[in-house]
Amino acid sequence: MTQNQREPSIRELFHSAWGRNLHIGLFEDETLSVPQAAAAGNRRMAALAAPSAGDRVLEVGCGFADASKLLTQEFGCHAVAVDNAPWRLSGADIAGTRDRVQLLAAEHGRLPFADRSFDLVWAAETLGYADDLSRTISDIARVLRPGGHLILLEWFGSVLLSPRPILELYGASHLWPQRRWRSELAAAGFEIERFDDWTLHARGTYDRLGRIFEADAERYTTAAIAQQNMDHRLRWIDRSALGSLMILARKKG
């Protein structure tokens with residue numbers, strides 16, 4: 001490395017490999033790149049949630065707020081995008097939608113909004129980081145109007161998976177089984193309308209990411225993205241210990 005060169009940051013490398021939607025992609029077309037598939041996943045979730053023009057949307061754990069941007073541009077919604085990481089909020093590109101997207105630092109489970117403030121809550125791979133899943137889902141239910149929807153994309157685990165390594169890898173609090181997601185949503189007053197297994201799409205995402213990292217291993221490991229961790233993810237997915245769910249639920253009432 002020359003004196004004028006510098007090591008890329010982890011943030012920059014994830015941008016280059018994953019794009020702006022830091023969650024699994026929808027791989028219905030094998031030719032898609034990881035960023036294209038992640039954007040396709042957002043579009044599928046948006047189509048299933050089917051918000052109306054003028055609806056108020058809350059994106060929880062928004063990352064770079066690309067889902068909020070999609071919902072405002074293509075559905076005419078007004079969105080509030082919250083995340084607990086200022087660097088992600090500062091990296092959000094909401095050009096052309098600034099009058100309809102509000103960015104706010106906040107924690108899920110302690111949402112700073114009045115009861116019944118939103119028509120739709122969107123959460124992609126973020127509720128797994130909740131210290132208290134019951135409180136977090138109940139707080140989401142609180143800010144939703146009756147008849148409003150929650151759409152989420154989340155990991156689930158099997159009873160065969162020891163929680164400790166996955167918690168270390170993802171920094172998540174828990175990896176809950178499918179039945180826990182069903183029971184918590186029901187307890188918070190939700191009726192599940194869709195409960196789709198997206199594990200195959202998770203495999204497609206990590207297969208492609210693995211190939212990207214292997215092709216440029218020195219660059220990625222230099223930034224402390226350990227190849228062995230990616231290998232662990234692939235092995236967990238391949239043996240069906242780690243899966244992915246897309247859930248659409250309606251608040252009763």
Side-chain angles (χ1 to χ4, degrees), residues 21-24 41-42 45 49 57-68 79-89 92 103-118 120-144 148-159 161-199 202 233 236-237 241-252:
N21 294 296
L22 301 178
H23 56 72
I24 69 164
N42 276 354
M45 291 172 65
V57 177
L58 174 64
E59 185 183 1
V60 177
C62 66
F64 302 113
D66 277 38
S68 290
V80 180
V82 302
D83 201 283
N84 64 359
W87 69 266
R88 287 194 287 264
L89 292 172
L103 302 175
L104 183 68
E107 296 277 354
H108 52 49
R110 291 179 286 273
L111 296 169
F113 306 110
D115 296 358
R116 304 183 178 192
S117 297
F118 297 96
L120 171 67
V121 174
W122 178 295
E125 294 182 17
T126 186
L127 301 190
Y129 295 93
D131 293 325
D132 187 329
L133 184 62
S134 298
R135 183 185 69 188
T136 297
I137 293 180
S138 294
D139 202 34
I140 287 172
R142 178 186 64 80
V143 302
L144 264 177
H149 282 87
L150 164 65
I151 190 159
L152 59 88
L153 182 64
E154 282 297 343
W155 295 107
F156 70 89
S158 81
V159 294
L161 179 65
S162 171
R164 189 175 61 83
I166 192 73
L167 302 187
E168 291 174 355
L169 177 57
Y170 284 90
S173 301
H174 298 280
L175 190 69
W176 291 287
Q178 294 188 45
R179 65 179 180 276
R180 177 69 183 275
W181 289 105
R182 289 185 181 274
S183 64
E184 293 289 356
L185 289 166
F190 285 100
E191 177 183 5
I192 294 175
E193 296 183 348
R194 295 286 297 258
F195 197 87
D196 298 345
D197 191 324
W198 278 25
T199 302
R233 296 191 194 197
W236 282 328
I237 293 170
L242 178 64
S244 182
L245 293 171
M246 195 291 302
I247 305 172
L248 178 66
R250 182 183 63 84
K251 181 180 174 180
K252 296 178 183 177

Check: [Y] and [X] side chains under 4.5 Å, non-hydrogen atoms:
| X | Y | answer |
| --- | --- | --- |
| W176 | E154 | no |
| F156 | P177 | no |
| H23 | N42 | yes |
| I140 | L152 | no |
| D83 | F64 | no |

Hey, is the main chain of [Y] close enough, under 3.5 Å, to the side chain of [X] for a donor-acceptor pair?
| X | Y | answer |
| --- | --- | --- |
| R182 | I192 | no |
| T126 | A123 | no |
| R88 | G61 | no |
| T199 | S244 | yes |

(request) Considering only NZ, NE, NH1 and NH2 on the basic side and carboxylate oxygens on the acidic side, decide whether R250 and E191 come within less than 4.0 Å. (result) yes
(message) Is there a side-chain contact (heavy atoms from CB on, under 4.5 Å) between V80 and F113? Walk through the geometry before answering.
(response) CA-CA 10 Å; V80 180; F113 306 110; 3.7 Å; yes
How close do [X] and [Y] get, heavy atom to heavy atom, and via which atoms?
| X | Y | result |
| --- | --- | --- |
| C62 | L89 | SG-CD2, 3.7 Å |
| L144 | K251 | O-NZ, 2.6 Å |
| V82 | A106 | CB-CB, 4.0 Å |
| L104 | P112 | CD2-CG, 4.0 Å |
| F190 | A141 | CE1-CB, 3.7 Å |
| L133 | L127 | CD1-O, 4.1 Å |

Distance in Å, [X] [atom1] paired with [Y] [atom2], rounded so as to fall on 0.5 Å steps:
| X | Y | atom1 | atom2 | value |
| --- | --- | --- | --- | --- |
| L103 | E59 | CG | CD | 9.5 Å |
| H149 | L120 | NE2 | CG | 8.5 Å |
| M45 | I151 | CE | CD1 | 4.5 Å |
| D139 | E107 | CG | CD | 11.5 Å |
| L58 | H108 | CG | NE2 | 11.0 Å |
| L245 | L153 | CG | CG | 8.5 Å |

(request) Report the C-alpha separation of V57 and S68 in whole Å, then their side-chain angles, then the decisive distance to 0.1 Å, and conclude whether the side-chain contact (heavy atoms from CB on, under 4.5 Å) test is met. (result) CA-CA 8 Å; V57 177; S68 290; 5.6 Å; no
(request) May I ask you to check whether over 12 heavy atoms, not counting those of R116, lie within 6.0 Å of atom CZ? (result) no
